[in-house]
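Written out below as structure tokens is the structure these notes cover.
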Amino acid sequence: MEDGRKDQAVVIADDWPGYELELFMYPEHYRDDVESVYIPHGVIMNRIECLARDILEDMGHDNLMVLCVLKGGYKFCADLVESVKAQSQSSDRPITTRVEFIRLKSYLNDRSTEDLHIIGPEDLSMLKGKNVLIVEAIVDTGKTMKMLLKHVEKFQPKTVKVAGLLVKRIPGGATKLPDYVGFVIPDRFVVGYALDYNEYFRDLNHICVISERGKLKYKL
Ligand code: HPA
Ligand code: MG
């Protein structure tokens, strides 16, 4: 990219312990289930404003078809689209956004399972000829993103870009990064801001590291 700023992401170091939970507001029922606040909600929101700015600079000349990857992407997608709209409305050429959804599932407990499913919808023909922005909460192995890109290409969009809030540094991880990356994080299982552990913690607004106790309590 011509603008170096856009190749950057906030990189969180391996030894970042997170903030002490008690410094923040959080749902009381998760008190012992998370170790620390890894990325506070306010920091997530500010970073999303930066991503929205970059997206508008690249794609703001045309209308945007957003494809939200459920369930984990729902908060990121909602906040990203709001920020794109807000920034676009204060420019001289506001764009229109449309949001569609696709549902995937691949994780059981804190492990990625081999069978990755597209739960629906089958038909994405509304993407044809559109500038598509795929919005995903987290990219680790990159398998999901690769499979999804292949699936989306079948519907002949005009362009496809990917926004990932988190990219996890794992051994043998994704070789191709999303076009827009929020944070690059160490290989730790994180929850909150719509990221779940067996469907729990989606209602926590910070991104936190789950505790051993939390893993046991909500294990399947
Ligand atoms: N947390 C929640 N869901 C996930 C994660 C994670 O760290 N990695 C892949 N899916
Ligand atoms: Mg999940």
Side-chain angles (χ1 to χ4, degrees), residues 9-19 21 24 26-27 29-30 32-41 43-44 47-48 67-80 101-120 134-149 151 162-178 180-220:
V10 173
V11 177
I12 298 180
D14 282 331
D15 61 357
W16 168 238
Y19 298 96
L21 191 60
F24 294 88
Y26 65 92
H29 56 276
Y30 290 138
D32 296 315
D33 305 335
V34 295
E35 266 178 23
S36 66
V37 175
Y38 216 52
I39 313 175
H41 185 250
V43 175
I44 301 170
R47 183 70 194 134
I48 288 175
L67 184 65
C68 173
V69 181
L70 295 174
K71 294 179 187 173
Y74 93 90
K75 273 187 202 275
F76 177 40
C77 183
D79 290 332
L80 186 64
F101 300 88
I102 188 164
R103 174 132 184 241
L104 305 179
K105 186 166 173 61
S106 68
Y107 265 69
L108 177 70
N109 297 322
D110 57 351
R111 298 268 167 251
S112 169
T113 60
E114 274 309 305
D115 44 329
L116 174 74
H117 307 285
I118 293 182
I119 299 175
I134 298 176
V135 178
E136 271 203 272
I138 189 160
V139 174
D140 49 16
T141 63
K143 276 192 292 189
T144 306
M145 190 173 76
K146 213 166 144 191
M147 188 199 70
L148 192 55
L149 278 169
H151 184 67
V162 181
L165 180 63
L166 304 177
V167 170
K168 211 185 269 193
R169 282 192 300 275
I170 64 167
T175 45
K176 187 183 171 297
L177 289 184
Y180 307 97
V181 176
F183 303 88
V184 179
I185 64 166
D187 189 5
R188 306 189 69 177
F189 199 80
V190 289
V191 293
Y193 196 69
L195 284 166
D196 74 310
Y197 174 83
N198 296 330
E199 302 302 328
Y200 288 91
F201 300 101
R202 294 197 201 273
D203 57 331
L204 176 64
N205 69 160
H206 311 291
I207 292 176
C208 296
V209 176
I210 190 171
S211 65
E212 284 309 313
R213 191 171 177 278
K215 281 191 195 175
L216 275 178
K217 186 164 160 191
Y218 302 112
K219 201 178 180 81
L220 290 184

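Numbers for residues simply follow the sequence, beginning at 1. When a ligand or atom number is given, it counts from 1 through the structure's own listing order.
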### Task
Check each atom of ligand 1 against the heavy atoms of R188 and keep those under 4.0 Å away; list them by number with element.
7 (O)
### Task
Please determine if D140 and R169 form a salt bridge, counting it only when a charged side-chain N lies under 4.0 Å from a carboxylate O.
no
### Message
Under 2.8 Å from the Mg ion (ligand 2) - does any N, O or S atom of D196 fall there?
### Response
yes
### Query
In ligand 1, which numbered atoms sit nearer than 4.0 Å to a non-hydrogen atom of D196?
2 (C), 3 (N)
### Task
With sequence neighbours excluded, tell me which residues meet side-chain hydrogen bond (donor to acceptor under 3.5 Å, both in side chains) with D196.
R202
### Summary
Filtering I170, V190, V209, V191 for the heavy atom nearest atom 2 (C) of ligand 1 leaves V190
#### Entry: Contact partition for K168 relative to ligand 1, non-hydrogen atoms under 4.0 Å
side chain
### Query
What atoms of ligand 1 come within less than 4.0 Å of a heavy atom belonging to D140?
8 (N), 9 (C)
### Query
Is there a side-chain contact between K217 and Y200, using heavy atoms and a 4.5 Å cut-off?
no
### Query
Would you say V184 and L166 make side-chain contact, with heavy atoms under 4.5 Å?
no
### Query
If we only count heavy atoms from C-beta on, is the K71 to E199 side-chain gap below 4.5 Å?
yes
